[in-house]
Amino acid sequence: MYREYQNISLLPYHTFGMDVEAARMIEYDRVADLKEIIRRENLSQMRYLHIGGGSNLLFTAPYDGLILHSLIREIRTEREDEKEVVLRVGAGMVWDDLVAYCVEKGYYGAENLSLIPGEVGASAVQNIGAYGAEAKDIILEVQAIDTTTGHVRIFPKEECEYAYRKSIFKTAPYHNRYIITHVVYRLGKQPVFQLDYGNVRQQLAAYPEINIENVRKAVIEIRKKKLPDPAIEGNAGSFFMNPVVKKEVYERIAEQYPAAPYYNVDEEHVKIPAGWMIEQCGWKGRSLGRAAVHDKQALVLVNKGETTSAEVIALAEAVREAVRERFGIDIRPEVIYV
Ligand code: EPU
């Protein structure tokens with residue numbers, strides 16, 4: 001089944017809290033319906049945007065094209081043995097509902113990604129990550145529809161070219177050509193935990209034992225302390241990506257700031273937390289108009305109430321300029337401007 005809406009407010013469909021309208025929107029809950037929409041609309045020839053939970057978008061103007069949204073929400077067990085389980089999950093499933101399901105069943109691998117906003121399809125586009133885990137660690141394959149032919153295509157994980165917040169689905173020629181309908185995950189059934197990122201282990205010390213439920217709870221507690229609730233203050237999580245730079249660039253910065261945090265990426269590169277740089281520039285907690293840098297996590301920009309996208313962009317540019325001036329690094333938005 002699918003449902004079509006005209007001149008619809010996108011307020012409930014994204015997390016930044018801007019009251020923008022879309023000319024048209026279609027929500028569907030079966031692959032057959034998506035195929036029908038592709039054919040009827042001649043989708044590959046028109047302006048459209050497929051959204052997930054809208055937790056990574058900044059609408060800068062009314063959207064005059066077609067918005068698509070998947071309501072395919074099933075979880076199917078494809079195979080299972082005593083070591084692992086393979087789940088095929090609909091792209092429209094709320095990501096954290098999937099994590100909650102895995103934790104309840106004792107399927108290991110998704111728990112560090114608890115409470116990340118958004119939906120399953122977007123998790124595979126964006127390669128969402130937190131606390132030392134990334135979606136790619138548990139993705140086995142991605143099922144998509146080619147909008148030029150209407151045919152199903154399976155992308156094994158290796159073809160998705162996953163890297164930090166990156167996949168082939170984010171850029172041309174794959175972006176907007178393929179619509180993800182399902183993601184297939186492989187999860188472990190033996191307890192293996194990744195606790196060495198940030199203060200996960202420290203947060204867990206308050207619990208009597210380390211198990212999957214408690215890891216989920218600890219991650220949720222850490223996130224709730226640092227990240228603003230979009231129901232109260234509109235935001236899109238991390239507004240910027242953490243820049244990946246050559247080790248020499250980091251060493252130059254560390255001469256001046258010996259405590260500068262970093263994460264190893266490979267032999268030659270490290271990732272420097274942009275939130276730390278923004279804080280060093282004095283922007284943490286500061287506002288410009290009705291947009292502000294979150295006071296507990298400087299990587300997040302928040303809507304202080306009826307903020308316009310122009311105000312958010314002005315703030316983002318001011319922050320970016322400050323970081324460029326002080327550290328010589330250009331931080332790039334993770335949020336997509338529409
Ligand atoms: N830091 C500061 N000041 C700040 C923020 C961070 O000094 O205002 C420092 C922290 O002290 C720490 C380091 O920067 O040493 C890293 O901070 P944190 O662990 O909070 O993570 P992050 O690098 O700022 C990334 C992800 C988050 C994810 C966390 C936890 C990106 C763009 N963001 O943030 O993802 O939750 O790690 O793994 O990679 C998101 O993508 O929307 C998101 C929230």
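Every number for a ligand or one of its atoms is a count from 1 in the order of the listing.
- Counting atoms of ligand 1 from 1 in the listed order, those under 4.0 Å from a heavy atom of P261 are 15 (O).
- Each of the atoms 36 (O), 44 (C) of ligand 1 lies under 4.0 Å from some heavy atom of R223.
- Between F239 and Y337, the ring planes lie tilted relative to each other; the angle falls in the 30° to 60° range.
- No more than 12 heavy-atom neighbours from other residues, nucleotides or ligands sit within 6.0 angstrom of NZ on K246.
- Interface atoms of ligand 1 facing L299, defined by a heavy-atom separation under 4.0 Å, are 24 (O), 32 (C), 33 (N), 34 (O).
- Under the 30°/60° scheme for interplanar angles, the aromatic rings of H50 and Y28 are found to stand perpendicular.
- The shortest N/O to N/O separation between A298 and ligand 1 falls below 3.5 Å.
- Among protein heavy atoms, atom 6 (C) of ligand 1 sits closest to Q297 OE1, 3.8 Å.
- Surrounding CZ of R3 are at most 12 heavy atoms belonging to other residues, nucleotides or ligands under 6.0 Å away.
- Of all non-hydrogen atoms in A130 and I116, the two that sit nearest each other are CB-CD1, 4.0 Å.
- Scanning all protein heavy atoms for the shortest distance to atom 14 (O) of ligand 1 gives P273 CB, 3.2 Å.
- Salt-bridge annotation for K284 and D295: absent, with no side-chain N of the basic residue lying under 4.0 Å from a carboxylate O of the acidic one.
- The ligand atoms of ligand 1 that sit less than 4.0 angstrom from a heavy atom of F240 are 32 (C).
- Ring orientation note: the planes of F327 and Y257 are tilted relative to one another, at an angle of 30° to 60°.
- For atom 10 (C) of ligand 1, no protein non-hydrogen atom is found at a distance below 4.0 Å.
- The protein non-hydrogen atom at the shortest distance from atom 37 (O) of ligand 1 is Y197 OH, 3.4 Å.
- Geometric assessment of K217 against the ring of Y207 yields a negative cation-pi assignment under the 6.0 Å and 45° thresholds.
- Atom 35 (O) of ligand 1 has as its closest protein heavy atom R165 NH2, 3.0 Å.
- Scanning the protein heavy atoms around atom 20 (O) of ligand 1, the nearest turns out to be K226 NZ, 2.9 Å.
- When each of L187, L113, I212 is paired with C102, the side-chain contact (heavy atoms from CB on, under 4.5 Å) condition holds for L187 and for no other.
- The shortest N or O to N or O distance between K284 and ligand 1 is below 3.5 Å.
- Taking the six-membered ring for Trp and thresholds of 30 and 60 degrees, Y131 and Y197 have ring planes more than 60 degrees apart, a perpendicular arrangement.
- Y164 OH, 2.7 Å is the protein heavy atom nearest to atom 39 (O) of ligand 1.
- Looking at A130 against ligand 1, both its backbone and its side chain come within 4.0 Å, counting heavy atoms.
- Among Y131, Y263, W276, the residue whose heavy atom sits closest to atom 16 (C) of ligand 1 is Y263.
- At the shortest separation from atom 25 (C) of ligand 1 among protein heavy atoms lies N242 ND2, 4.1 Å.
- Nearest protein neighbour of atom 42 (O) of ligand 1, counting heavy atoms only, is S238 N, 2.8 Å.
- Against a heavy-atom cut-off of under 4.0 Å, G237 is close to the following atoms of ligand 1: 42 (O).
- Across V86, I75, V120, a single residue satisfies side-chain contact (heavy atoms from CB on, under 4.5 Å) together with Y185, and that is V120.
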